[in-house]
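Here's the structure, in structure tokens; my notes come after.
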Amino acid sequence: MNAPVCDQVRLTEIFLSLQGESTSVGLPTVFVRLTGCPLRCQYCDTAYAFQGGTMTPLAQVLARVDDYGVRHVTLTGGEPLAQPGALPLLAALCDAGFAVSLETSGALDVSSVDKRVRKILDIKTPGSGEVARNLWSNLQYLNAVDEIKFVLCDRQDYDWARLKCDELGLWQQQREILFSPSAGELDATQLAGWILADRLPVRLQLQLHKILWGDEPGR
């Protein structure tokens with residue numbers, strides 16, 4: 001017997017902003033933030049999405065996204081894949097013609113994510129406090145358009161991420177690899193210097209939304 005299709009999600013917020021991360025940085029984007037996350041990264045800036053939220057039918061989510069009149073949509077959290085409704089929501093957004101991306105911790109299985117979705121897979125470093133939660137089998141389900149993100153807290157995290165990329169052969173996969181400094185923990189200029197010194201084929205990622213609006217929710 002097939003499992004029933006989940007037709008609703010627990011929603012924290014929907015808002016229009018500029019994409020602050022990934023290779024789509026700067027593009028007007030509708031963010032759909034789902035509630036809940038099984039991880040507790042020490043640098044998390046969206047802890048307000050851990051609880052609460054409102055159960056919302058997928059059709060209503062799509063209608064609200066459509067009202068903003070922009071093409072790009074990002075499903076985020078919390079950890080969106082912790083909700084069974086996330087997968088049908090992603091597919092429905094793609095069916096509606098949106099350019100859809102998914103921000104996921106990499107701790108939950110991505111094998112069933114619609115292949116039209118661009119996955120931004122956040123590999124947790126030791127500094128996050130959740131390195132043991134990385135589900136390494138997820139790497140085999142990444143497509144050419146997907147991206148891998150490392151949020152780095154210090155030099156130890158940088159060295160760990162560099163060695164992981166070597167160990168897993170990520171350099172050879174012609175995929176975008178993002179190195180992002182944890183806000184308030186690692187200076188972006190220092191990280192830039194390390195990347196240049198080691199000639200790493202990675203993209204330094206600064207969080208544009210934080211530069212523009214700080215930690216203001218819904219921006």
Side-chain angles (χ1 to χ4, degrees), residues 17-27 29 31 37-47 72 74 76-80 101-108 110 118-216 219:
S17 186
L18 297 180
Q19 176 59 259
E21 305 184 55
S22 82
T23 57
S24 296
V25 65
L27 288 174
T29 301
F31 289 85
C37 183
L39 281 72
R40 290 295 182 267
C41 300
Q42 59 85 12
Y43 48 64
C44 182
D45 56 4
T46 52
H72 292 268
T74 294
T76 187
E79 169 49 72
S101 62
L102 166 69
E103 294 181 344
T104 179
S105 66
L108 298 182
V110 301
R118 182 165 56 92
K119 298 182 286 294
I120 314 301
L121 191 77
D122 185 353
I123 295 180
K124 298 303 179 183
T125 63
S128 73
E130 292 284 19
V131 66
R133 304 294 292 273
N134 287 315
L135 185 62
W136 297 109
S137 59
N138 274 333
L139 294 175
Q140 67 183 301
Y141 301 114
L142 298 184
N143 302 316
V145 299
D146 296 334
E147 303 178 13
I148 297 173
K149 179 175 73 172
F150 295 87
V151 177
L152 309 175
C153 300
D154 50 28
R155 179 70 198 207
Q156 179 185 356
D157 272 2
Y158 172 83
D159 290 335
W160 181 90
R162 180 169 53 84
L163 291 172
K164 272 296 176 185
C165 289
D166 283 337
E167 174 190 330
L168 299 169
L170 299 184
W171 310 128
Q172 289 76 44
Q173 296 181 17
Q174 302 301 309
R175 183 178 290 112
E176 289 285 349
I177 300 175
L178 314 171
F179 275 20
S180 180
S182 175
E185 292 190 272
L186 177 59
D187 180 72
T189 303
Q190 188 172 43
L191 176 56
W194 297 341
I195 291 171
L196 290 171
D198 290 335
R199 309 296 197 269
L200 293 189
V202 302
R203 184 184 297 268
L204 173 65
Q205 174 181 269
L206 302 180
Q207 295 175 295
L208 178 62
H209 53 291
K210 286 183 179 288
I211 296 172
L212 296 175
W213 298 295
D215 288 323
E216 181 181 345
R219 300 303 298 264

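Between Gln173 and Leu139, every side-chain heavy-atom pair lies at or beyond the 4.5 Å cut-off. A 4.5 Å side-chain heavy-atom check between Trp194 and Asp159 finds every atom pair outside the cut-off. Between Leu204 and Pro181, some side-chain heavy-atom pair lies under the 4.5 Å cut-off. Looking at Leu206 and Val25, their side chains never come closer than 4.5 Å, going by heavy atoms from C-beta outward. The shortest side-chain heavy-atom distance between Asn138 and Lys119 does not fall under the 4.5 Å cut-off.
Note on ring orientation: taking the six-membered ring where Trp is involved, the planes of Phe179 and Tyr158 are perpendicular (angle over 60°, cut-offs 30° and 60°).
Between Asp157 atom CG and Lys164 atom NZ the span is 13.0 Å, to the nearest 0.5 Å. Note that the CD atom of Glu21 and the CG atom of Leu178 stand 8.5 Å from one another [nearest 0.5 Å]. The OG1 atom of Thr125 sits 10.5 Å away from atom CD of Glu130, with the distance rounded to the nearest 0.5 Å. From Leu121, atom CG reaches atom NZ of Lys149 across 10.0 Å, with rounding to the nearest 0.5 Å. Ile148 contributes atom CD1, which lies 4.5 Å from atom CG of Leu170 (distance to the nearest 0.5 angstrom). Here the straight-line distance linking atom CD1 of Ile177 with atom CG of Leu200 works out to 9.0 Å at 0.5 Å rounding.
Heavy atoms only, all atoms of each residue included: Arg118 and Ser22 are closest at NH1-OG, 3.7 Å. Considering all non-hydrogen atoms of both residues, Gln19 and Thr74 come closest at NE2-OG1, 3.1 Å. Between Asp122 and Lys124, the shortest heavy-atom contact is OD2-NZ, 2.9 Å. When all heavy atoms of Leu152 and Ala161 are compared, the closest pair comes out as CD2-CB, 3.9 Å. For the residue pair Gln140 and Ser137, the shortest heavy atom distance occurs at CG-O, 2.9 Å.
Side-chain contact check for Ser128 and Arg133: no donor-acceptor pair (N or O, by modelled atom type) lies under 3.5 Å. Between the side chains of Gln205 and Glu147, no donor-acceptor pair is found at a separation under 3.5 Å.
At least one donor-acceptor pair closer than 3.5 Å links the side chain of Thr29 to the backbone N or O of Leu27. The backbone N or O of Ser180 lies less than 3.5 Å from no partner atom in the side chain of Arg203, so there is not a single donor-acceptor pair. Looking at Asp154, its side chain does come within 3.5 Å of a backbone N or O of Gln156 through a donor-acceptor pair.
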Fill in: Intermediate values then yes/no, side-chain contact (heavy atoms from CB on, under 4.5 Å), Val202 and Phe150
CA-CA 10 Å; Val202 302; Phe150 295 87; over 6 Å; no

